[in-house]
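First the structure, in the form of structure tokens, and then the observations on it.
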There are 2 protein chains.
Amino acid sequence: MPFTTSEENYIKSIYHLQQASGMVNTNTLAAEMQTRAASVTDMLKKLKAKKLLQYERYRGFRLSEAGKKAALDVVRKHRLWEYFLAEHLKFDWDKVHPIAEELEHISSDELVQRLDNFLGNPSFDPHGDPIPDRNGKIPVINQLSLTDIPLKKPVRVSSVSNQSAQMLEMLKHYHIALGTQITVLNHFSFDGSLEIKVLKHSPCIISEPVAKNVFVHYVQ
Amino acid sequence: MPFTTSEENYIKSIYHLQQASGMVNTNTLAAEMQTRAASVTDMLKKLKAKKLLQYERYRGFRLSEAGKKAALDVVRKHRLWEYFLAEHLKFDWDKVHPIAEELEHISSDELVQRLDNFLGNPSFDPHGDPIPDRNGKIPVINQLSLTDIPLKKPVRVSSVSNQSAQMLEMLKHYHIALGTQITVLNHFSFDGSLEIKVLKHSPCIISEPVAKNVFVHYVQ
DNA sequence: AATAAAATTTAGACAAAACTAAAAATATTA
DNA sequence: TAATATTTTTAGTTTTGTCTAAATTTTATT
């Protein structure tokens, strides 16, 4: 069962959407993939025929176990390539995504395994997202949103849930990257914004919408 | 001018064929690409419309300057990826080709340039084939076929012109790889076969068809 | 030079993946 | 609950790249 690039892209998008919502509907997927609802319906039929998803017309859909495994294979490849691009080719972490979108469709299983070993079997990609292993197992880390951290407790940035160019640009401005150490100094109840201290920089204030997307773990 | 994967494959095959023969004809290209002559004709029209080749129906064709540059871009990517696969991911040199066939179509120019630097700007791929630079310039080396080497002069293997699995398997059997040092001990005029000494191994005899495809340069 | 053979091109069809526009099913609201 | 709005699907096209079969052009042969 080799999949086409288009099938892989659909499977991957469905996977990401159902992480949040469980069931996925046609228009949501069409918006996510920047395509039309009719095109989505066409592909859903093909994926159903290949038993990659449970789908009844007009009722929404979700990936089958086989579909989930296929999605995790693509996610694994995507994140391994992102790691390679950032760590070895020295790309900025906000530039790796579109290139990994192409590389993730290279089919050789042996390539993926050798790449994984070459990289030292990393558990997290440059955005802090977990890299599934070859069996689809996803590493976990005890992480919390920056909005849920008590004052004065030092934490380290482990991932960023919104990875839009705008968000990454904003973080760069605040000198926040993966692994950056942060302490929350103050919590303003007026609009939920936080005063934080980024290691080696003066305290600054970030808005709640930004803080909500920054995930951190306690420094042990 | 981004090209499709299919266009790139045609351009690359035409490039390789015209290296030998100058002008290329439809059936030869169809055989090389394992497709039908009618499909070739269809694509030739598209490539002509994009000014990538000179072509008059029934008369054969060859790449334009723009076409040659496009071909060299693909060849460059192919050979850089082969180098990465063999040198860093430790693939056997006879396994890298099909994977590089996929990787060569990844489009990012910045990726290619960073990969090139990461690899240390290599001049030759794992098969000894020259890697064009970003301007399409191809490094040259003074190499001769093993059949043209005088007796007792030590030489080093620099490339292999027939890269079929059968040929590579045969060379592995003889302990011949890129960089291997060889001395020709004897030239049998009966069938043109050669007695050779591969460094660290006992003398052996290889047939003329094999020797013709092994290219070497003098050890300085 | 006429005819046969080979090579090449055209014509028409198909599959994948997209689209638009219209129809059908579901959901919402007055 | 009937009317309206929204969502989803169907029907019919388009594009890219392929194919087969038939027609055309070129090349080789008697």
Side-chain angles (χ1 to χ4, degrees), chain A residues 1-14 17-18 20-63 67 70-71 74 101-102 104-107, chain B residues 1-14 17-18 20-63 67 70-71 74 101-102 104-107:
Chain A
M1 25 181 120
F3 306 114
T4 67
T5 293
S6 187
E7 286 171 336
E8 289 190 341
N9 283 332
Y10 274 95
I11 292 169
K12 186 182 52 156
S13 290
I14 296 168
L17 289 176
Q18 78 176 25
S21 26
M23 211 68 165
V24 186
N25 52 348
T26 306
N27 271 357
T28 310
L29 181 53
E32 165 83 10
M33 299 196 64
Q34 314 224 65
T35 185
R36 299 313 182 103
S39 310
V40 170
T41 301
D42 287 346
M43 182 57 83
L44 289 177
K45 287 187 211 161
K46 291 176 201 166
L47 295 179
K48 186 187 182 180
K50 293 193 173 190
K51 302 198 192 299
L52 294 168
L53 44 80
Q54 285 138 23
Y55 163 56
E56 279 174 89
R57 56 203 236 299
Y58 292 104
R59 315 249 76 167
F61 46 91
R62 86 176 81 191
L63 293 175
V74 180
E101 286 289 298
E102 289 189 64
E104 73 192 6
H105 302 294
I106 304 292
S107 58
Chain B
M1 25 179 123
F3 306 113
T4 66
T5 293
S6 188
E7 286 171 336
E8 289 190 341
N9 283 331
Y10 274 95
I11 293 168
K12 186 183 51 156
S13 290
I14 297 168
L17 289 176
Q18 77 178 24
S21 27
M23 211 68 166
V24 186
N25 52 351
T26 306
N27 270 357
T28 310
L29 181 52
E32 166 82 12
M33 299 197 64
Q34 315 225 63
T35 184
R36 299 315 180 103
S39 310
V40 170
T41 302
D42 288 344
M43 183 56 85
L44 290 177
K45 289 188 210 160
K46 292 176 199 164
L47 296 178
K48 187 188 182 179
K50 293 194 174 190
K51 301 198 194 300
L52 294 168
L53 45 78
Q54 285 138 25
Y55 163 55
E56 279 174 90
R57 58 204 236 299
Y58 292 103
R59 315 249 73 170
F61 46 90
R62 85 178 82 192
L63 294 175
V74 180
E101 286 289 299
E102 289 189 65
E104 72 190 7
H105 302 295
I106 306 292
S107 59

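Per chain, numbering begins at 1; letters A, B, ... match sequence-line order.
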Which protein N or O atoms sit under 3.5 Å from an N or O of nucleotides 22-24 of chain D?
unit_1, atom_1, unit_2, atom_2, d
D:dT24, O2, B:Tyr58, OH, 3.1

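- Interatomic distance, B:Thr26 OG1 to B:Met43 CE, rounded to the nearest 0.5 Å: 13.5 Å.
- Proximity of a side-chain donor or acceptor of A:Glu8 to a complementary backbone N or O of A:Val74 within less than 3.5 Å is not detected.
- Counting any heavy atom pair closer than 4.0 Å across all strands shown, B:Asn25 reaches sugar-phosphate atoms only and no base atom.
- Between A:Leu47 atom CG and A:Leu53 atom CG the span is 5.0 Å, to the nearest 0.5 Å.
- Within the nucleic acid shown, B:Ser39 comes within 4.0 Å of at least one base atom, counting heavy atoms only.
- Remark: C1' of C:dG12 and CZ of B:Arg36 are 17 Å apart, rounded to the nearest angstrom.
- Every pair passing side-chain hydrogen bond (donor to acceptor under 3.5 Å, both in side chains) that includes a residue from residues 42-53 of chain B is listed here, sequence neighbours excluded: B:Glu7-B:Lys50.
- With distances taken from any side-chain atom of B:Arg59 to the nucleotides D:dT27, D:dT9, C:dA17, the minimum falls on D:dT27.
- Checking C:dA17, D:dT8, D:dT18 against the side-chain heavy atoms of B:Asp42 singles out D:dT18 as nearest.
- As a whole-Å value, the separation of B:Asn27 CG from C:dT9 C1' is 11 Å.
- A 4.5 Å side-chain heavy-atom check between A:Tyr55 and A:Thr41 finds at least one atom pair inside the cut-off.
- Panel note: side chain A:Glu32, backbone A:Ser13; no donor-acceptor pair is recorded below 3.5 Å.
- In this structure, NZ of A:Lys46 is placed 9 Å from C1' of C:dA15, rounded to the nearest angstrom.
- The side chain of A:Thr35 contributes no N or O atom lying less than 4.0 Å from OP1 or OP2 of C:dA17.
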